[in-house]
Amino acid sequence: MRSAASVRLPILFLLAAVSSTQAYDFFYFVLQWPGSYCDTKQSCCYPTSGKPEVDFGIHGLWPNNNDGSYPSNCDSRKPFDESKVRGLLSSLHSEWPTLACPSNDGTNFWAHEWEKHGTCAESVFDEYRYFKTALDLKTQLNLLQSLQSAGIQPDGGSYSLMSIKNAIEESVGYAPYIECNGDKSGNSQLYQVYLCVDSSGSQLIECPIFPRGKCGSQIEFPSF
Ligand code: 5GP
Ligand code: 5GP
């Protein structure tokens, strides 16, 4: 007969192997409203390719734990390599534009997101799949359309936070987290939308935990 220890040991090794290949529980998929990045005190710079489309842009796909903590900068041996995403460059320019100053082509932003967040999901994605997965998620979501169908327009008007959350939940099927920032006068405005994706990056899920932060109950949706 095998002793309990001889059975337990292989199980422990197996658990250790599983947890070392995937040190996170789910992803936040984060989109930013460009109008809210730009009308702050710090302002913004359009990318070298010109003013982005009037649409949400991708910020990143961030591995996260169910307790709210998250891994970052997991593999310095895998710096961003533009040659790996050559086939995605035109989509990255249109769907993942940078608004940081000084004006640049976006490579710095993509490199930052891959190195800080993407390298922590290497058990699931290589660099190409990381960016492709985020681009596909954005296409699947069409957030601006969801809001506009509910009469919520980027017109500088004020909308109830609840109406924004409801419009997204109704169209996407999952409750979003809304992050606000402040415009030049300090008004609370719709800055980022977070949705959650399962740890394999294949489907949207209910968020296991929401980030902390606060918006007003009425928030502005600035034009861009
Ligand atoms: P901030 O401090 O501006 O909210 O966030 C700065 C950066 O920290 C974000 O752009 C992102 O890279 C990371 N970050 C902030 N909050 C979270 C979070 O809840 N989960 C993950 N995975 N990253 C976060
Ligand atoms: P995170 O907040 O994900 O850690 O990192 C954001 C980093 O990317 C910052 O260093 C920021 O300067 C840079 N960055 C470049 N373009 C953008 C942009 O369009 N939006 C945001 N939020 N950060 C950008």
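Everything numeric here is computed off the predicted structure, so don't read it as measured data. We count ligands from 1, going down the list as the structure has it; atoms in each ligand are counted the same way.
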Does any non-hydrogen side-chain atom of F29 lie less than 4.5 Å from one of W62?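 Contact flag for W62/F29 side chains = no.
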
Side chains of E220 and S158: closer than 4.5 Å at any heavy-atom pair?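 The answer is no, as the side chains (C-beta and beyond) never meet within the 4.5 Å cut-off.
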
Could you tell me if K165 sits above the aromatic ring of Y177, with its cationic atom closer than 6.0 Å to the ring centre and no more than 45 degrees from the axis?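 Not satisfied by the 6.0 Å and 45° rule.
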
Counterpart residues, side chain to side chain contact (heavy atoms under 4.5 Å, CB included), relative to C215 (two or more places apart):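 With neighbours one apart ignored, the set is L161, I178, C180, S188, I219.
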
Can an N or O of Y70 be found at a distance shorter than 3.5 Å from an N or O of ligand 1?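 Yes: some nitrogen or oxygen of Y70 is under 3.5 Å from one in ligand 1.
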
Set of residues that line ligand 2, where lining means a heavy atom lies under 4.0 Å from it: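 Ligand 2 pocket, heavy atoms under 4.0 Å: Q32, Y37, H59, W62, P97, T98, L99, A100, F109, H112, E113, K116, H117, Y191.
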
Any side-chain donor-acceptor pair under 3.5 Å between Y194 and E179?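 E179 and Y194 do have a side-chain donor-acceptor pair below 3.5 Å.
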
Using the benzene-type ring in the case of Trp, are the ring centres of F221 and W33 under 6.0 Å apart?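 Aromatic pair counts; centres sit under 6.0 Å.
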
Taking C207 and C196, which are both Cys, do their SG atoms fall under 2.5 Å of each other?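 Disulfide present: SG-SG distance under 2.5 Å.
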
Using a 4.0 Å cutoff against the non-hydrogen atoms of P63, which atoms of ligand 1 qualify?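 Every atom of ligand 1 under 4.0 Å from some heavy atom of P63: 22 (N).
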
